[in-house]
Amino acid sequence: MKKFIFLFPFFILFFVSCSTSEAPFEHRYVINLVLKPDMKFQRAFVDSTYRLDSSLDSDLTGVSGAEIFIVDEHSDTFRYSESDTLMGLYYSNDSFCVERGMEYLVNVFIEGEIISREVQVPGLLTIFSPGLLDTVYLSAPPLLIWNTCEHCFDNTYLIASYITGEADSADKYAPMLTTDTTLGIFFNRLLYKEKDTMYTISVEAMDSNAYHFGKMWYEYDELKEGEVIGLIGAIAFDTVAVWVRE
Amino acid sequence: MMLCSFCLIILVSQYNVLAGNVYDASTKEPLPMVNIVIVGTEFGTVTDRHGYYSLIVGDTLKQFQVRYSMMGYGYVIKEIKFSEQDYLSIDVAMKMEPLKVQGILVSAKKKKFKSTAFMTPPSLSDKDLMMLPSFVEGDLMRTIETLPGVTKSSDFSTSVSVRGGSPDQNRVLIDDVPLLNPFHLFGLVSAFNSNAIKSAELYSSGIPVRHDASLSSVLDIKTKGVGRDIEGLSGVASLSILSGGLTMGGKISSLNSNFLLSVRRTYADKLLALFGYDLPYYFYDGYLHWETDINDNWSLVLSGYTGEDFLDIRDEDDESIRLIAFDWGNKVLALNLFHSNTDGDLFHIFGGYSNHDFFLRAMDTVFLTDGDIHVGTVGAEYTKNFKRNEITVGVEEYYRPFEYNVNFQMGFKYSYEDIWSNRISMYIEDKFDLSDYLILSGGIAFTHYYSESEEFEQENSDFFRAYRLSAKYFFDDLRAITFSFGNFHQYIVPGGTLINMGIDLPIYYWIPLGGEYDPEEAHHFNLGLEGWLKEDLYFSLEGYYRKYNRLLSMKDMEEIQITTEKTYYETMLEEGSGKAYGFDFLLKKEIGNLRGWLSYSFLRTDVVFGDEAYPTDWDRNHNLHATLLALLGKKYEAGVQFAFCTGNPYTTDLARCRYRKELMPYGEDEATWIELQGDKNQVRYPSYVRLDASLSRSFYFGNNELDVKLSVYNVLDSKNVFMYYYDYDEEPPIKEPFYMLPRIPSIEFIYKF
């Protein structure tokens, strides 16, 4: 027994040295294609995963040579064109207009692979209050009111706000989810520090894909067997610009 | 007792009576079984369990010497002189002398070894806690990690895993009342003030059937009582770089009672405020322990605990804006009533209340979580001793109303305000000495679990049965083989928004199980060998297999339906299963100048949720802990603690891609790199190594003592990896480690009076 005890440290050293090695690299395609009603051009990005240990020029990422087709409920097919200026960017021409409430089939052909997704575009979404360019006061904020949107997945809306014209400011104003169509508490003293400024408020309704992708912004980071990464989905939205004052 | 002495004096008036109390000079605790002999004679007595003694001598013997001795303590000789009076009260303080053999410790452990049918649970005493190296200050939970079967996921948390179970599956009892999330400082230190703890036992096998509320283990903590028969106040004042504390106790003769009161608070916020700095955090905790001997048979113990953490970060420009307000804590009040008789029968009635509150508010109204769990406990237990049987029957009830509110800015909210559960258990256990070589023990508990929520339109009423069986076969007086198995249930599980958000802090909220959620269930099988290699060298080796039939875990946020509170509750938990197996080895030298323990644990875990099978975060396969405590003369004590473990598993990044985040719904976006993760927990961090050391010196001032203890946590400054992240300032990105705690020196002052 005593001899056995003294063998323990060597036993441990042996096993601790048997640590599992790093997992291998996984290649996947990364597609971002969100159908939005009322947009003149629909955009898509086609990219892939890259090794963490190899050097890359970020501006030269993207996958060219992909074919993107959208098929609507009437079996009409629309094709995206590849951008000459930005690798991996594809866009639709003006003959394709995304209609609210319609179902589409998205087909992407890349290097012999076919990726297909069905997408249900949410219905009409309109903000009723406040009105465009209304002045709103932090001390007495008005209700934000919009309509119930058909085909809005889980009846959940994503609300965001940012300083009008400053895309970067959107990061500072964490988007919120709600299942109501009114917002009781809206203006937060901390978030709306810059007074006498024009803010844009947006309300989004999402299809199932966009909902699951956008709800916590994390689904992107898990590699699942055989799955394409990214988002092929649809949203409907409305925005309103207001003056925010103390 | 004093009354008895006076009666004795009346009855034996032709004699003189010498009586008094004997106690430990350092801890002021009473010393039982102290030998008291009149020098030069064979006449003498021993102290009782309260440290009390009385010695009757003939009235012709007026002047003599009495020798007080006990193994492990230096002897004391007192000059006794009776003049006119026939009664003398002499209290004696005895100092521990390490050179002497502390045989009584071994005797107590052997007694437990011989009288139980299961593996003797590893335990820690208050002296172990005092002597071991500290992290900032002595911490029970950081010491527990040195015991076999205990693993951790990081240094940043004092929560532990026992034999592969998750940290929430350990039931922590303080004087028999459950305590939830017993941690301060976001889990960095535990909620237990070492000065108020008498002992802690960790049951990972042979868990009695009355504990059927956790899947993994029971940590049974007893608060300290002080010298029951010592007049005056005694106590400990302590100061560390983290907190200051005061522990006081004493006897109230008129009430035949003694008490202990202990308080502790961090002081950095107050100290920094003197220099104009603002530290928006502090915690405090306090214990109360009150014991009363109602008569020779009945005694009463009242225990209380309160602890709270506060974090209040305000906006620099406008202090009326609270950026983060976060507080959480526990309150416990327990009343225990004991009745014992000379046959060793024990009747125990208990009642208690505990409350765990949790409040988190971010940026005024952006995010708010506010919750309370109340637990009301009542029960009774009776243990009857027969010739070879010891039968225990009991009933206990736990009533738990929950309140839980989460509000996001702009109206999205969910709450469980009206959900409550009630669990009532009846149990019977029999310990049967089949022969001198074999002890069997079995128990069965019938539990009725009821949960209700009007808002969720749910009402559940279910019966569950728990059973335990254990056996111990003695090869001889010093060695035995043990076997135990049983099933276990757990009725509340951790959850809440912090877990949703991927934040791994041991201050999670708790969710009552109801509706479609059945309680979690596990089975344990244990086979072990324990005994003594030498008179003072204890060992245990136990293998185990645990099957988790039903585990419940919080889903990722994107998988939860948030349409209503009801759908949220109904879709928030995912059911899974799992297993854990391994063996634990302990070698412990409990007496002598050099003592300590060596523990080794081999562990494998595997859980399955959905189509994913993976080892748990705390799955450290090999765990070696060595602890040495050295008594260096009468004034110095040294402690060393060494840990060498397999690295924890983690989920590795397999690739990276450009994440295109839309800033506005009509097209503006920006692309950043993100990493893409592979299968969960399939690779491991490098091995974990840590060495801690401490040295303390005692200064004596009459009967008072000042201990100055220097500790260094992570002496070698080992770079143990907590996580990896990628630095994209370089191309390709550099994988950078974020390390666990570095070398941290600390000093503690402990004044005993």
Side-chain angles (χ1 to χ4, degrees), chain A residues 1-2 5 8-9 12 15-16 19-23 25-26 28 30 32 36 39 43 45 47-56 61 154-156 159 162 167 170-171 174 176-180 183-186 188-191 202 204 212 215-216 218-223 229 235 237 239, chain B residues 315 318 321 323 363-366 408-412 502 533 539 556-558 561-564 585 587 598 600 621-622 624 644-647 652-668 670-671 673-679 682-684 686-687 726 731-733 735:
Chain A
M1 186 70 191
K2 288 177 194 170
I5 289 161
F8 264 108
I12 292 152
F15 278 103
V16 169
S19 295
T20 315
S21 60
E22 290 284 321
F25 168 72
E26 294 271 353
R28 295 277 196 283
V30 183
N32 276 285
K36 298 169 187 172
M39 299 290 286
R43 300 188 308 163
F45 287 95
D47 204 343
S48 72
T49 57
Y50 300 95
R51 286 186 175 278
L52 280 155
D53 56 359
S54 60
S55 192
L56 282 173
T61 57
D154 210 19
N155 296 313
T156 302
I159 290 86
Y162 42 88
D171 249 358
M176 292 293 158
L177 293 165
T178 181
T179 51
D180 294 329
L183 293 177
I185 306 163
F186 181 31
N188 180 282
R189 290 165 62 204
L190 190 73
L191 294 182
S202 73
E204 286 182 34
H212 286 111
K215 193 161 60 167
M216 288 300 283
Y218 293 144
E219 198 170 337
Y220 218 47
D221 63 4
E222 276 185 44
L223 271 173
I229 299 161
I235 62 168
F237 65 93
T239 61
Chain B
D315 186 57
D318 183 352
I321 297 175
L323 296 177
M363 292 197 284
D364 265 351
T365 53
V366 169
F408 289 96
Q409 188 190 23
M410 305 179 184
F412 173 67
L533 292 174
F539 79 94
D556 290 338
M557 192 66 187
E558 65 264 19
Q561 296 293 319
I562 59 172
T563 315
T564 64
F585 174 75
L587 186 68
L598 177 78
Y600 169 75
N621 296 154
H622 305 275
L624 177 72
F644 183 41
C645 312
T646 314
T652 192
D653 300 313
L654 298 182
R656 58 174 164 154
C657 74
R658 301 279 278 171
Y659 173 52
R660 294 200 171 269
K661 180 183 176 188
E662 289 203 340
L663 299 175
M664 299 178 190
Y666 40 81
E668 294 269 0
E670 66 176 10
W673 284 111
I674 62 162
E675 297 87 41
L676 297 159
Q677 295 184 324
D679 292 337
Q682 296 304 309
V683 290
R684 289 181 182 279
S687 299
Y726 283 88
E731 186 57 45
K735 187 178 184 179

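All heavy atoms count here, side chains included; hydrogens, waters and symmetry mates do not. Labels below follow one simple rule: chain letters A, B, ... track the order of the sequence lines, proteins then strands, and each chain is numbered from 1. Note that the structure is predicted; figures quoted are calculated from it, not measured.
Here the closest non-hydrogen pair linking B/C657 and A/S48 is CB-O, 4.0 Å. Of all non-hydrogen atoms in B/L654 and A/L52, the two that sit nearest each other are C-CD1, 4.3 Å. In terms of heavy-atom proximity, A/R51 sits nearest to B/R656 at O-NE, 2.9 Å. Between B/A655 and A/T49, the shortest heavy-atom contact is CB-CB, 3.8 Å.
In this structure, OG1 on A/T61 lies 5.0 Å from CH2 on B/W673, to the nearest 0.5 angstrom. Taking CG from B/D679 and CD from A/E26, the interatomic distance works out to 8.0 Å, rounded to the nearest 0.5 Å. Distance CD1/A/I229 to CG/B/L676: 4.5 Å, rounded to 0.5 Å.
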Practice task
Might you work through the side chain to side chain contact (heavy atoms under 4.5 Å, CB included) test for A/V30 and B/R658, ending with a clear yes or no?
Solution key: CA-CA 8 Å; A/V30 183; B/R658 301 279 278 171; over 6 Å; no

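In this structure, the portions of A/Y50 lying under 4.5 Å from any heavy atom of chain B include both its backbone and its side chain. Using a 4.5 Å cut-off between heavy atoms, A/D47 contacts chain B through its side chain alone, with no backbone atom that close.
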